[in-house]
Amino acid sequence: MSAEDFLFELPPADLKIAERKFKERNPIWTGCKARLIERYLFYFVQITYHGTYIDAFAGPQECDKHEMWSAKLVMESSPRWLKNFFLFELKDSQVKLLRQMCNSQPPPDKTKKEPNRKIKIYPGDFNQNILMMLRENPIRDKEATFCLLDQRTFECDWASVKAIADHKRGGNKIELFYFFPEGWINRSMKAKKIDKDEALKKWWGDSSWPELMKRQGAVRAQYVCDRFKSELKYKHVYPFPIYEKPDKGGRIMYYMIHTSDHDEAPLLMNRAYGKALDIKETPEQLDLLKVSLAKN
Ligand SMILES: C[S@@+](CC[C@H](N)C(=O)[O-])C[C@H]1O[C@@H](n2cnc3c(N)ncnc32)[C@H](O)[C@@H]1O
């Protein structure tokens with residue numbers, strides 16, 4: 001690794017430049033999104049030494065490709081310092097896979113300071129269960145918490161996003177990693193015939209969703225990010241593009257919008273994006289990273 005590899009930088013503010021740069025550098029394509037999430041949380045625990053992971057749509061996208069399954073990769077990521085896991089899933093067959101995966105985890109290794117974990121699975125509709133989960137498990141203001149909202153298209157109600165963003169009474173809000181289906185949103189909106197306005201109002205939170213249709217690409221991604229900033233008051237919001245597999249054309253399929261109040265979070269996500277497919281840093285390299293971060 002060169003010295004530059006230890007530096008942290010923000011992703012480019014100009015999204016057109018960013019998309020070119022991401023694509024040239026080390027594009028994350030759909031099949032390796034889970035590795036991006038896992039790598040980010042690997043950096044996250046280096047800073048926090050603890051944490052809570054919420055996964056709203058936690059079943060595997062592809063039942064036979066568990067190496068692409070975010071919840072599994074995060075749970076098995078080492079060091080195993082994330083303590084609480086709240087996993088939501090609608091489909092019974094997916095809940096079964098989740099249970100099997102959770103039950104197959106080894107006990108904590110106390111020599112590595114691994115905590116006893118609390119793992120809770122909520123079968124059923126995330127939008128109906130999220131408030132109950134937050135009531136049953138209030139998250140302390142100081143608890144570093146990351147929430148993956150990996151919907152397929154329109155499954156995640158805006159009211160649920162808001163409930164998570166508004167949950168803590170102080171400190172940094174719960175971080176979000178929100179899936180925005182840029183590659184097929186126009187098609188999916190057109191295809192929706194039954195209760196279209198009602199369904200899209202739930203997803204977008206109000207009846208201004210036609211505004212989205214007037215935009216596209218990076219401009220639309222920025223529009224969505226601005227909403228997370230203005231309405232939910234996140235300090236840092238950035239859309240990371242996820243591409244189609246290079247041999248299939250490599251266009252942007254969707255954005256993962258990262259929202260956080262922590263000043264180091266966008267630096268860490270940008271690093272994770274660049275490094276997700278590399279081997280992980282050694283403990284010595286991680287120490288250098290932390291020094292570099294402290295100087296930033
Ligand atoms: C796109 S996949 C999630 C992929 C997963 N994050 C991964 O890394 O492989 C969406 C999952 O959400 C589930 N799902 C769909 N609607 C849901 C809802 N309303 N509440 C909870 N889970 C839901 C689906 O059954 C599916 O397992």
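Only a predicted model underlies this, so the values are computations on that prediction, with no experimental measurement involved. Order of listing sets the numbers, starting from 1, for every ligand and every atom in it. Atoms considered below: every heavy atom in the structure, side chains included; atoms not considered: hydrogens, waters and symmetry mates.
Remark: ligand 1 and Phe88 share no N or O pair separated by less than 3.5 Å (distance only, no angle test). Residue Ser70 has at least one N or O atom closer than 3.5 Å to an N or O atom of ligand 1. At least one N or O atom of Leu90, backbone or side chain, sits closer than 3.5 Å to an N or O atom of ligand 1. When only interatomic distances are considered, the shortest N/O to N/O separation between Glu155 and ligand 1 does not fall below 3.5 Å. Every N/O-N/O distance between Gln151 and ligand 1 stays at or above 3.5 Å.
The shell of residues lying under 4.0 angstrom from ligand 1, judged by heavy atoms, includes Ala56.
The cationic atom of Lys113 (NZ for Lys, CZ for Arg) does not lie both less than 6.0 Å from the six-membered ring centre of Tyr49 and within 45° of the ring axis. Seen from the ring of Trp204, Arg227 counts as a face-on cation partner, given the 6.0 Å and 45° thresholds.
Evaluation of the ring pair (Phe, Tyr, Trp, His ring centres under 6.0 Å) rule for Phe126 yields Phe57, Phe88 as partners, not counting sequence neighbours.
Only the backbone of Met68 comes within 4.0 Å of ligand 1, counting heavy atoms alone; no side-chain atom from C-beta on gets that close.
Counting atoms of ligand 1 from 1 in the listed order, those under 4.0 Å from a heavy atom of Gln94 are 26 (C), 27 (O).
Evaluated by nearest non-hydrogen atom to atom 7 (C) of ligand 1, the leading choice among Gly59, Ala34, Cys156 is Gly59.
In this structure, Lys214 pairs ionically with Glu211, as a charged nitrogen and a carboxylate oxygen lie closer than 4.0 Å.
Note: Tyr254 and Phe179 meet the aromatic proximity criterion, with ring centroids under 6.0 Å apart. Outside the 6.0 Å centre-distance limit, the rings of Tyr223 and Trp209 are not counted as a close aromatic pair.
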